[in-house]
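Okay, structure first, notes after.
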Number of protein chains: 2
Amino acid sequence: MSLKMRKNQSVAPPEPCMLSECMAVISGAWAPNVIWSLRAGPRRFSELRADIPPISAKVLSTRLSELEQKAVLTRHVRRTSPPSTEYRLTPLGAELLPALDAIVQVGHRLKAKRSG
Amino acid sequence: MSLKMRKNQSVAPPEPCMLSECMAVISGAWAPNVIWSLRAGPRRFSELRADIPPISAKVLSTRLSELEQKAVLTRHVRRTSPPSTEYRLTPLGAELLPALDAIVQVGHRLKAKRSG
DNA sequence: CGGTATCCTATGTGATACTG
DNA sequence: CAGTATCACATAGGATACCG
């Protein structure tokens, strides 16, 4: 067998753990969009649905619950005549924004490459 | 009905398109890990499998094909006695690294919060 | 070594209908 | 308005076996 190991054999192992740590939060359909929609301030359930056009109530609800449990956002119910619920990023959730921003930036570059 | 619209009604809509643009590339199980593993240089199939422990050959193969088709990486077969295949990030693929790096950084912060 | 083919299961996602 | 319940479906992912 060839013992001529390639020079990148000793490349430092990546940090899959840390990748997964964050990917677990921004994975799941629409999760990034939900977080992104909340970046500029609190939003209500129907506002989020409007922000993220083809999302079903069920999925949005599921996603919001998950993100709430992960302490990415908070849920605040207002007992008004037409009931309204306000979702807001926590400081922890806000920490995801730079990563999402980087993703958006790359999205632009990818699209530019494809077009140009 | 309450016409007192909330002040964030006019918050600029997010850029779900650009989010999806990049998320489409880094989504799929292990895709980010594959790209991350290639950041320091080319890797072979079995090296990638070793880098990303619980990945099955099929899924790795699938992911690599997808990423190749998206021009994120290139595949180079070496017709050596034990055949070897080298995967390497394209410049386009390299553009994803800042976003992945941001994700890793957030991963660290998330973990720190959880521990601290 | 570097895959592919087949099968199977879990999960995520969506439509619809209904409730407080 | 803000959800939940139920069902039904597509697909992603994994195990195993096999091939060049």
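We name chains A, B, ... by the order of the sequence lines, and we start the count at 1 in each one.
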Exercise. Not counting sequence neighbours, which residues clear side chain to side chain contact (heavy atoms under 4.5 Å, CB included) with A/A102? List them please.
Key: B/A99, B/A102
Quiz item: Roughly how far apart are A/L96 CG and A/I35 CD1, rounded to 0.5 Å?
Solution: 5.0 Å
Self-check item: Nearest-angstrom distance from the residue atom CG of B/L60 to P of D/dA15
Solution: 14 Å
Quiz item: CD1 of B/I55 versus P of D/dT16: gap in Å, rounded?
Solution: 17 Å
Exercise. Scan A/R49 against the nucleic acid and name what it touches under 4.0 Å (heavy atoms): base, sugar-phosphate only, or nothing.
Key: nothing
Quiz item: Do B/S61 side-chain atoms and B/A57 backbone N/O form a donor-acceptor pair below 3.5 Å?
Solution: no
Quiz item: What distance separates B/S56 OG from B/W30 CH2, expressed to the nearest 0.5 Å?
Solution: 9.5 Å
Quiz item: Looking just at side-chain N and O atoms, do B/Y87 and B/R75 make a donor-acceptor pair shorter than 3.5 Å?
Solution: yes
Quiz prompt | Involving DNA chain D, stems made of at least three consecutive Watson-Crick or G-U pairs, both distances under 3.5 Å | solution = C:1-20 with D:1-20
Quiz item: On DNA chain C, which is the earliest and which the latest nucleotide, 5' to 3', with an atom closer than 4.0 Å to a heavy atom of chain A?
Solution: C/dT13 to C/dG20
Exercise. Look at A/K70 together with A/E68 and state whether they make a salt bridge at an N to O cut-off of under 4.0 Å.
Key: no
Quiz prompt | salt_bridge(A/E86, A/R78) N-O dist < 4.0 Å | solution = yes
Self-check item: For B/S81, side chain to side chain contact (heavy atoms under 4.5 Å, CB included) partners two or more places apart
Solution: none
Quiz item: Do any N or O atoms from the side chain of A/R88 and from the backbone of A/G41 form a donor-acceptor pair under 3.5 angstrom?
Solution: no
Practice problem: Enumerate the residue pairs fulfilling salt bridge (Lys or Arg N to Asp or Glu O under 4.0 Å) with a member in residues 89-107 of chain A, sequence neighbours excluded, ordered by first and then second residue. | Solution: A/E95-B/R109, A/E95-B/K113
Nucleotides 3-7 of chain D: which of its N/O atoms have a protein N/O under 3.5 Å away?
residue : atom : partner : partner atom : Å
D/dG3   : OP1  : A/R75   : NE           : 3.1
D/dG3   : OP1  : A/R75   : NH2          : 2.6
D/dG3   : OP1  : A/Y87   : OH           : 3.4
D/dG3   : OP2  : A/T85   : OG1          : 3.4
D/dG3   : OP2  : A/Y87   : OH           : 2.5
D/dT4   : OP2  : A/S61   : OG           : 2.3

